[in-house]
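Beneath this line is the structure, given in structure tokens, with notes to follow.
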Amino acid sequence: HVRVPATPSANLDLLFNFDRRMNGGDRVTSQSGNYVLYQNPNGNIELSKNGELVWENGQKGAGGGHYTFYQGDGNIITRNASGGLTWKSDKTNGGGNYRLAIDTTYNLIVIVQLKNGVDTILWGAALADSDEPTPEPTEAPVTASPTKSPTKSPTKAPTASPTKNPTKSPTKAPTTGSPTVKPTPGPTEEPTRPPTELPTPDPTLAPSAGPSALPTSISESPTAPSSGYVLRCVGAMW
């Protein structure tokens, strides 16, 4: 059983208004053209979507001549050729204004009553999803059973010895012609320290007032000339 909401969605695809009879072999197409309601002469009511059966009431009686009457009180009744009752929805609420429609949001065939300006659902049945049929399940998995142990022992050592040297010499020059970062236009910071002091214009020490020391010794008479020299007077006589 499907839980039917109290009110329909805004997406109703109308089949017809009630107070209508469908004889065996009659068909009614919904407003969208996607659904067709068929009265089977054997008494089965069948709803198809794009040619695929999506709902039926399951009342397949013997012989033909069955018909269904959609009464003005909201009840649906199917009778055989002799007038015998074979199926009914047994839903009625009085008041009229019933419609048979498909709620495409909830995927239901519903009896909708318009009362006091509001649509309410009197009866509903779920539709099969004809667009994506359920695939038949496989009897057994197609994949093989997992192995209990590894098929091969792990390798104990690398298959090839590692190379001692690089395979290629490093490049001596950059691969691109220009540096990736441009030099800064100037120093980023000022010198951290200014000069400690300016040179003083004056000498640090004043000159002394006199010689720092006296001569070590003073000879009282001139030194006599050496014997190898002769004093001569040239010119006038004294």
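We're numbering straight along the sequence, starting at 1.
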request  = Would you mind telling me which of Ile111, Val112, Asn75 makes a side-chain contact (heavy atoms from CB on, under 4.5 Å) with Leu122?
outcome  = Ile111
request  = Please name the residue in the list Ile45, Thr86, Asn23, Asn40 that meets the side-chain contact (heavy atoms from CB on, under 4.5 Å) test with His66.
outcome  =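 Per the side-chain contact (heavy atoms from CB on, under 4.5 Å) rule, the option paired with His66 is Thr86, out of Ile45, Thr86, Asn23, Asn40.
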Shared ILVMFWY cluster between [X] and [Y], side chains joined below 4.5 angstrom?
X      : Y     : value
Tyr67  : Ile76 : no
Leu47  : Met22 : yes
Val110 : Val36 : no
Trp87  : Leu15 : yes

task = Mind running side-chain contact (heavy atoms from CB on, under 4.5 Å) on Arg20 and Val28 for me, showing each step along the way?
result = CA-CA 11 Å; Arg20 177 182 183 131; Val28 177; 3.5 Å; yes
Ignoring hydrogens and geometry, is there a side-chain-to-backbone donor-acceptor pair from [X] to [Y] under 3.5 Å?
X      : Y     : answer
Asp103 : Ser9  : yes
Asp13  : Ser32 : yes
Thr105 : Asn11 : no
Asn80  : Ser82 : yes

key: From CA spacing to verdict: side-chain hydrogen bond (donor to acceptor under 3.5 Å, both in side chains), Asp73, Gln71   = CA-CA 5 Å; Asp73 62 357; Gln71 298 181 161; 3.1 Å; yes
About how many Å separate [atom2] of [Y] and [atom1] of [X], when rounded to the nearest 0.5 Å?
X      : Y      : atom1 : atom2 : result
Gln113 : Ile121 : CD    : CD1   : 12.0 Å
Ile77  : Thr68  : CD1   : OG1   : 10.0 Å
Tyr106 : Leu12  : OH    : CG    : 10.0 Å
Tyr35  : Leu100 : OH    : CG    : 12.5 Å

inquiry  = Checking Tyr70 now: which residues fulfil ring pair (Phe, Tyr, Trp, His ring centres under 6.0 Å) with it, not counting sequence neighbours?
reply    = Phe16, Phe18
Determine the minimum heavy-atom distance between [X] and [Y], stating which atoms define it.
X      : Y      : value
Ala81  : Gly64  : CB-O, 3.9 Å
Ser89  : Gly74  : OG-O, 4.2 Å
Ile109 : Trp123 : O-CZ3, 3.8 Å
Ala128 : Asn107 : O-ND2, 4.2 Å

inquiry  = Could you check whether any side-chain heavy atom of Leu108 comes within less than 4.5 Å of a side-chain heavy atom of Pro5, counting everything from C-beta outward?
reply    = yes
ask   = Just wondering, do Asn44 and Asn57 contact through their side chains at under 4.5 Å, heavy atoms?
value =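 The answer is yes; the side chains approach within 4.5 Å.
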request  = Take Asp19 and Phe69 through the test side-chain contact (heavy atoms from CB on, under 4.5 Å) and record every step on the way to the result.
outcome  = CA-CA 7 Å; Asp19 198 11; Phe69 191 68; 3.7 Å; yes
ask   = Under the side-chain contact (heavy atoms from CB on, under 4.5 Å) criterion, do Asn34 and Asn50 qualify, and how do the steps go?
value = CA-CA 6 Å; Asn34 295 328; Asn50 300 325; 3.8 Å; yes
task = Answer yes or no on whether Arg27 is positioned over the face of Tyr38, meaning its NZ or CZ is under 6.0 Å from the six-membered ring centre and within 45° of the axis.
result =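 Cation-pi check for Arg27 and Tyr38: passes.
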message = Please enumerate all residues that pass salt bridge (Lys or Arg N to Asp or Glu O under 4.0 Å) together with Arg79, with sequence neighbours excluded.
response =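 Per chain and number, Arg79 pairs via salt bridge (Lys or Arg N to Asp or Glu O under 4.0 Å) with no residue.
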ask   = Would you call Asp26 and Arg21 a salt bridge, taking side-chain N to carboxylate O under 4.0 Å as the test?
value =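 No, this pair does not count.
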